[in-house]
Amino acid sequence: MEWTAEAIDQLRAYWAEGHSTAEIGRRMGISKNAVVGKAHRLNLDARPSPIRREAEAAERPAAPRRIASPREVAPRRPEQPSAVVRPFPRASLRSCCWPLGEPGTPEFRFCSAEAASGKPYCQEHASVAYVKARDRREDAA
DNA sequence: CCCTGATTCGC
DNA sequence: GCGAATCAGG
């Protein structure tokens, strides 16, 4: 591509009109790379780029930015969340989550009896939930 | 897979 | 200086 003054004017005009690099390339019969390359060299206003170069961004920050004061700053302990919001106060007091009724109906609820220790179900439902493999044959799929 | 723009680098 | 190749996001 011979960048005559006319060609450069045309590029500037299209660029100023906000055409995409590919569109300018189409109109001028050149590649969009030629357009973007020339635009870059002419220091035309950069378009919002869709990309963000991780490689550069990741390499650069090695440059230490000295903004902190020379004085040493007391180590700041991150504030500990004082209370984690838990749906249940204590694992040991968990209530049975065996479903009762038809899901989606107003009657649907969970058993809510006190769960057997370490299990999500109360004693009664745990006995239903946990079946010895040997006794399960007739229920199997 | 289409689009976008930016950067790189051999020419 | 040029622009294809490549990258990276939509």
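The structure displayed is predicted, hence computed values, not measured ones. Just so we're on the same page: letters track the sequence lines, and every chain starts at 1.
- Every residue two or more places apart in sequence or in another chain that forms a side-chain contact (heavy atoms from CB on, under 4.5 Å) with A:Ser20 is listed here: A:Ala22, A:Glu23.
- In this entry the distance linking CZ of A:Arg47 with C1' of C:dG9 reads 17 Å, nearest Å.
- Residue A:Val36 is not grouped with residue A:Ile24 when hydrophobic side chains (ILVMFWY) are merged at heavy-atom distances under 4.5 angstrom, including chains of intermediate members.
- Among pairs with a residue in residues 3-18 of chain A, none fulfils salt bridge (Lys or Arg N to Asp or Glu O under 4.0 Å), at least two apart in sequence or across chains.
- Under the salt bridge (Lys or Arg N to Asp or Glu O under 4.0 Å) criterion, A:Arg47 pairs with no residue, sequence neighbours left out.
- In this structure a side-chain-to-backbone donor-acceptor pair under 3.5 Å is missing from A:Trp15 to A:Gln10.
- Going from atom CG of A:Leu11 over to atom C1' of C:dG1 covers 14 Å, rounded to whole Å.
- Rounded to the nearest 0.5 angstrom, A:Arg41 CZ and A:Ile8 CD1 are separated by 10.0 Å.
- At B:dG5, none of the side-chain N or O atoms of A:His40 fall inside 4.0 Å of OP1 or OP2 (strictly under the cut-off).
- Residues satisfying the side-chain contact (heavy atoms from CB on, under 4.5 Å) criterion with A:Ala7, sequence neighbours excluded, are A:Met1, A:Trp3, A:Thr4, A:Met28.
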Protein-nucleotides 3-5 of chain C N/O pairs closer than 3.5 Å?
from, atom 1, to, atom 2, distance (Å)
C:dG3, OP1, A:Met1, N, 2.8
C:dG3, OP2, A:Trp3, NE1, 2.9
C:dG3, N7, A:Arg41, NH2, 2.3
C:dA4, OP2, A:Ser31, OG, 2.4
C:dA5, N7, A:Asn33, ND2, 3.3
C:dA5, N6, A:Asn33, OD1, 2.8

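- For the atom pair OG1 (A:Thr21) and CG (A:Leu44), the distance works out to 12.0 Å, reported to the nearest 0.5 Å.
- Contacts of residues 16-24 of chain A with DNA chain B (heavy atom under 4.0 Å): A:Ser20, A:Thr21, A:Ala22.
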